[in-house]
Structures are given as C-alpha cells and as structure tokens.
Amino acid sequence: MDPVLAERLRFFEERQEKMVATIRELVETESPSDNKQAVDRLGQVLAGKFSARGGRVQLHRVASCGDHLQVEFPARSSAKPVLLLGHLDTVYPMGTLASMPCQEKDGRLWGPGTLDMKSGIGLMLYAVEGLRSWHGDLPRPVTVLLVSDEEVGSDSSRQITEDLAKKSAAVLVLEPSYGLQGAVKTARKGVGEYQLKVTGVAAHSGLDFEKGQSAILELARQIEKVSGFTDLKRGLTLNVGLVQGGTRVNVVPAEATAAVDVRISRSQDAAYIDKRMKSLRPTNRKCQVAVTGGLNRPPMERTAGVAALYHEAAQIAQKLGWKLEEAAVGGGSDGNFTAGLGIPTLDGLGGVGEGAHATHESIVISELPKRAALVATLIERV
Ligand SMILES: [Zn+2]
C-alpha cells in the first residue's frame with residue numbers, strides 16, 4: 001500500500017464511528033421527495049455541516065419541492081472545481097422509520113436511504129474534512145450540489161446541475177456503488193417515458209356490438225408493436241408497465257391508455273425510438289392513437305473522459321489495497337445529464353451495500369473509510 005494513502009485510510013478508519021453517527025443523523029432526518037418541509041429540514045442540517053467545514057452555502061429556492069443545496073469550497077488553486085453531485089430526497093414516505101428503524105447490526109447500518117444516498121452525502125462531508133486536515137485548505141475548488149428531486153425526475157434541478165457541470169473539470173456522483181464489491185458506474189442507460197392513448201367508439205356490447213370500436217383491442221395491438229421495438233443487443237428496452245381502459249364489462253371500450261418505460265444505451269437511439277413511437281398508427285382506422293412523452297435522461301456513455309476518470313480511481317484504489325471494478329447499469333441518475341454534456345463523470349462512488357428503495361436497504365460500515373479515502377484523493381487528482 002502507498003504510504004500517503006495508507007495514512008489517509010487510517011485517518012478515516014479512526015473516524016469510522018463518527019461517519020456512522022453522521023449518516024444515521026441524515027437517515028433519521030427523513031426526506032421524501034414529495035415533502036418540501038422535510039427535505040428542507042435535511043437541507044438545513046447539511047447546510048450547517050458543510051458551513052462548519054468551510055463551505056459557502058447557497059440555496060436554490062423551489063416552491064414545488066425541496067430547495068436545492070449548493071456549497072462552494074474555494075481554494076487558492078486556480079484549477080477548475082470538481083463537482084460532487086447527489087440528492088437529498090428519498091423514495092420513502094414520511095414515517096417509514098417506524099417500520100424500518102435506522103440501526104447498526106451485523107456490520108451494517110440499516111434504514112431508509114442509508115444506501116441511496118445518505119451515506120454518499122456523509123462521504124462528501126468526510127472527504128472534504130480529510131482534505132482540509134491534510135492540506136490546511138482544499139487543494140482545489142470543490143462544488144457540492146445536492147438536489148431535492150432526483151427520485152422524481154430532477155425537473156427543477158436539471159438546469160442547475162448542467163450549469164455547474166459545465167464549469168467543472170469532472171463530476172463525481174456519490175450515488176450508491178454497484179453490488180457488494182462496490183463497483184463504480186461508468187455507463188448508465190438513458191430513461192424515457194411515453195403515454196399511449198387510444199380512443200375508440202363506445203357501444204352496448206349486446207345491442208350495438210357492431211357500432212363499437214374497441215380501444216382496448218386497439219391498445220393491445222399497439223402494445224405488441226411497441227414491445228417489438230425492444231432490441232436487447234443494442235441495449236434498447238421498452239416496458240409497457242401500466243395499462244388502463246374501459247368502463248364496464250358490457251360496454252365496448254372507447255378509451256384505453258398505456259405508459260411505457262424506455263431505456264437506451266446509446267444517445268442516437270433517443271431520436272430513433274422517438275420517431276418510431278410518434279409514428280404509431282391505429283390498425284383499426286376507426287380508432288385514434290395519440291402518443292406523448294419522450295426521453296427524460298440521456299444515457300451516460302462510457303466516453304474516453306469517463307474511462308480516464310475510472311482508471312484514475314482504479315489506480316488510487318489499488319494503492320489503497322483493493323481492486324475497484326466498474327459496471328454498466330440500467331438505472332439513470334443525474335450523472336446522465338452531466339455525462340451527456342461531455343463532462344467526465346464517474347458515478348457510484350457512494351456507499352457499498354444493497355437493497356436501495358427496499359426494506360433491506362443497508363450499507364456495509366467497514367467500507368466507509370476506503371470510499372472516503374478514494375473520493376478525497378480523486379478530488380485532488382482529477
Ligand atoms: Zn439515488
């Protein structure tokens with residue numbers, strides 16, 4: 001092990017209990033995406049913690065959801081800043097702690113949001129603390145952005161994320177790592193959603209059957225077509241996840257709708273799939289088909305910039321005594337936006353654990369010190 005990095009690892013090992021206590025405090029400050037008050041409370045807690053570490057806090061006020069938290073750490077160096085990206089919100093409704101209490105057991109910290117991504121926020125805090133302690137100041141400027149709406153599509157924060165990314169040398173996303181090996185994410189699929197609405201003609205199914213035009217039958221045919229757009233080899237999938245239609249069993253249905261989740265691996269497939277979706281035509285000419293929606297997040301592709309960032313991280317990990325793997329995943333994050341702009345982005349630098357969004361959500365406590373040492377050193381080296 002490299003002596004400087006060994007020293008850093010020791011620094012965080014000595015602080016492991018404090019790190020767990022901090023993460024626990026963040027988990028116990030519940031922050032569901034749809035509860036502005038709760039998310040703002042977590043924002044306040046974190047504003048205090050980042051200020052205490054020398055950060056200048058700025059809130060981006062939002063009426064419809066929690067405020068986004070931006071923190072600037074200035075430095076004497078004129079290097080471009082590194083952007084540490086994450087989110088305040090969780091998918092868990094208020095009160096989840098009652099059935100899923102935050103607790104330490106079997107070497108893990110369990111609870112809602114431990115993995116996704118309050119441990120990631122904890123790692124940001126301690127990485128900054130480490131750098132300040134070793135250098136007396138930050139070796140380069142660092143910007144932290146914690147958005148409040150990542151779990152619900154990032155509509156109100158996307159512009160801020162993109163503006164800050166454009167000013168940065170690299171983006172480190174502290175979302176959960178992949179698998180219990182703690183792989184970082186160097187590719188993520190792009191995500192889109194479409195709605196299909198079929199309008200037919202209602203009629204009594206006994207008296208006037210021939211006058212009816214079934215929207216459900218037409219929708220079923222459209223679902224066959226849409227599902228046929230899936231191309232596993234090119235990483236393109238379409239999932240019709242919701243269907244609705246009809247009014248009563250003895251009425252030929254005049255309306256039916258479906259919602260389709262789309263995942264793409266390559267940016268150029270966005271236009272391709274949009275064209276195919278928007279050119280859907282009814283097989284029964286007496287029905288109408290309307291298609292709305294589009295791509296929400298572009299794919300995060302493993303560009304040369306992403307690969308270089310991964311190699312830097314893997315080298316640091318190796319000097320810390322472990323092998324950092326990389327993974328391509330189907331889920332999207334705000335890293336998709338920054339990578340889509342061509343800014344080198346490395347995702348999945350956060351906690352190691354399992355069960356994100358599920359009742360067994362947890363992080364492995366012993367992994368925290370080396371993740372913190374990795375993030376801190378990466379901030380310095382990119
Ligand atoms: Zn997340």
Side-chain angles (χ1 to χ4, degrees), residues 22-23 26-27 29-35 38-39 42-43 46 65-70 83-93 96 100 102 109-125 127 144-158 160-162 164-165 171-180 182-191 193 261 263 296-300 327-340 345-364 367-368 371 375:
T22 302
I23 296 165
L26 303 182
V27 172
T29 310
E30 289 178 283
S31 54
S33 314
D34 61 359
N35 188 325
V39 177
L42 178 63
L46 284 164
C65 60
D67 297 336
H68 311 304
L69 178 69
Q70 182 184 338
L83 176 60
L84 304 183
L85 187 57
H87 59 90
L88 299 165
D89 60 327
T90 73
V91 296
Y92 297 96
T96 299
M100 231 178 119
C102 185
L109 186 71
W110 305 77
T114 43
L115 181 60
D116 189 8
M117 55 159 279
K118 288 175 174 172
S119 53
I121 300 174
L123 289 169
M124 292 181 186
L125 287 165
V144 171
L145 179 65
L146 296 171
V147 307
S148 66
D149 60 349
E150 196 274 345
E151 297 289 7
V152 289
S154 303
D155 286 344
S156 75
S157 59
R158 179 175 183 169
I160 303 166
T161 300
E162 294 187 340
L164 290 175
V171 182
L172 306 182
V173 188
L174 279 283
E175 288 274 6
S177 63
Y178 179 76
L180 285 171
V184 286
K185 297 164 183 173
T186 51
R188 281 182 179 272
K189 283 191 178 181
V191 189
E193 194 182 314
D261 172 281
R263 308 272 160 161
N296 169 255
R297 294 178 204 270
M300 171 179 159
V329 297
S333 87
D334 287 342
N336 290 47
F337 298 141
T338 63
T345 299
L346 193 59
D347 203 337
L349 282 163
V352 179
E354 56 189 344
H357 299 195
T359 49
H360 61 296
E361 182 162 345
S362 57
I363 53 159
V364 179
E367 294 286 321
L368 290 169
R371 304 301 286 194
V375 172

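In listed order, ligands and their atoms are each counted from 1.
Minimum-distance N/O/S atom of Glu175 relative to the Zn ion (ligand 1): OE1. The Zn ion (ligand 1) is closest to atom OD1 of Asp116 (considering only N, O or S atoms).
Between Arg188 atom CZ and Arg297 atom CZ the span is 8.5 Å, to the nearest 0.5 Å. Taking CG of Leu174 as the reference point, atom CE of Met124 lies at 4.0 Å (rounded to 0.5 Å).
Metal site remark for the Zn ion (ligand 1): Glu151 contributes no N, O or S atom at a distance under 2.8 Å. The Zn ion (ligand 1) does not have Glu150 among its coordinating residues (no N/O/S atom, backbone or side chain, under 2.8 Å).
Judged by distance alone, the side chains of Asp89 and Ser31 never bring a donor and an acceptor atom under 3.5 Å apart.
Electrostatic pairing of Asp334 and Arg158 does not count as a salt bridge here, judged by no charged N lying under 4.0 Å from a carboxylate O.
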